[in-house]
Amino acid sequence: MATVLGAALALAVLGAPLGLLWAAFAPDTPVLKTAEGAIYAEPQPEQPIAADGWFSLLGLAFGVLAALALWFLLRRRRGPVGLLAVVLGALAAAPVAWQVGRRVGLATFDRLLDTAPAGQAFTKPADLRAGGIDWLGHVLPVPHGNLLLPAFGAAVTYTLMAGWSRWPSLRPEPDPTDFSWVSAGTPAPTTAPEPPAPGAAEPPRG
């Protein structure tokens, strides 16, 4: 259990740089300040769709890399323990990435939303529309949408690695061909005596 929690926590922490990477790739959405608040500067902006797309692609890549990393780093824990660790870690990393990424530039947006005059144009930071978190009983967070893609990518990759493993236990085992068929206690055969050289005296016969 300590291995599962440790690996999951490490992956959750890696969600922060994933969020920064998402914020760097996802485009901001142009908005206009009105008396009622900010509205899209274009009737049907493409930037929110692009933000969801970038999060989905980066999340899937994160899940694949996380599964490969845990497969090779936790060789002795390959199997259900490793699968549980990588899925939980990816599930935790996705909300962290979302919250970190959406906060990049959010303070500036909120300030402009409060102080900018009507008609001024500025941009809104990237956010998700195809994913989020629902609360079960106001206690248990349940992610949905593209927040599940990192865990999906991790589960599929780890399962494929297990299916392609040539070892039944999923752990590296000694190759049977490395063992000699001759027992260690068996004495090595003695060499036959060399024939006498031509012209050598024959041994006396009794």
Side-chain angles (χ1 to χ4, degrees), residues 5 7-70 85-158 160:
L5 293 178
L9 180 60
L11 291 177
V13 172
L14 290 177
L18 175 63
L20 296 176
L21 186 63
W22 170 55
F25 281 97
D28 294 343
T29 304
V31 296
L32 285 174
K33 175 66 180 295
T34 66
E36 291 77 20
I39 62 172
Y40 288 138
E42 302 173 2
Q44 295 180 345
E46 298 179 354
Q47 290 82 0
I49 300 175
D52 278 311
W54 275 112
F55 189 91
S56 300
L57 291 175
L58 293 173
L60 277 174
F62 178 86
V64 171
L65 294 177
L68 292 175
L70 262 64
V86 74
V87 169
L88 289 180
L91 278 176
V96 172
W98 172 38
Q99 293 301 317
V100 169
R102 68 183 294 268
R103 280 173 167 76
V104 175
L106 186 60
T108 302
F109 170 77
D110 290 338
R111 178 177 55 82
L112 291 173
L113 188 60
D114 294 334
T115 61
Q120 181 172 342
F122 49 97
T123 57
K124 182 180 183 297
D127 204 347
L128 292 183
R129 297 196 306 177
I133 294 179
D134 295 328
W135 290 89
L136 184 61
H138 302 283
V139 176
L140 182 63
V142 180
H144 63 85
N146 49 9
L147 286 181
L148 298 176
L149 288 177
F152 174 78
V156 170
T157 303
Y158 199 92
L160 288 177

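All residue numbers in this chain count up from 1 along the given sequence. Scope of the values below: all heavy atoms of this structure, side chains included, with no hydrogens, waters or symmetry mates.
The shortest heavy-atom contact between L32 and A121 is CD2-CB, 3.6 Å. When all heavy atoms of I133 and P141 are compared, the closest pair comes out as CG2-CB, 3.7 Å. Of all the heavy atoms in L11 and A93, the pair that sits closest is O-CB, 3.3 Å. Residues R129 and P48 come closest through the heavy atom pair NE-CB, 3.5 Å. The minimum heavy-atom distance linking V96 with A16 is given by the pair CG1-N, 3.6 Å. Residues D134 and H144 share a closest heavy-atom pair of OD2-CD2, 3.3 Å.
Residue-environment remark: CD (E42) exceeds the threshold of 12 foreign heavy atoms within 6.0 Å.
Once rounded to the nearest 0.5 Å, the distance linking CG of L65 with CG of L60 reads 11.0 Å. In this structure, L160 CG and T157 OG1 are separated by 6.5 Å, a value rounded to the nearest 0.5 Å. Note that CG of L149 and CG of L58 are 11.0 Å apart. Values are rounded to the nearest 0.5 Å. To the nearest 0.5 Å, atoms CG (D127) and CG (D28) are separated by 11.0 Å.
Screening residues 92-114 for ring-ring contact (aromatic ring centres under 6.0 Å, His included) gives F109-F122 as the qualifying pairs, with residues at least two apart or on separate chains. Here ring-ring contact (aromatic ring centres under 6.0 Å, His included) pairs that include residues 23-42, with residues two or more places apart or in two chains, are F25-W54. Contacts classified as side chain to side chain donor-acceptor pair (under 3.5 Å) and involving residues 104-126 (residues at least two apart or in different chains) are not found.
Side-chain N or O atoms of N146 include none that pairs as donor or acceptor with a backbone N or O of S56 at under 3.5 Å.
Looking at P30 and Q47, their side chains come closer than 4.5 Å, going by heavy atoms from C-beta outward.
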L128 vs W22, side-chain contact (heavy atoms from CB on, under 4.5 Å): CA-CA, chis, key distance, verdict: CA-CA 11 Å; L128 292 183; W22 170 55; 3.8 Å; yes
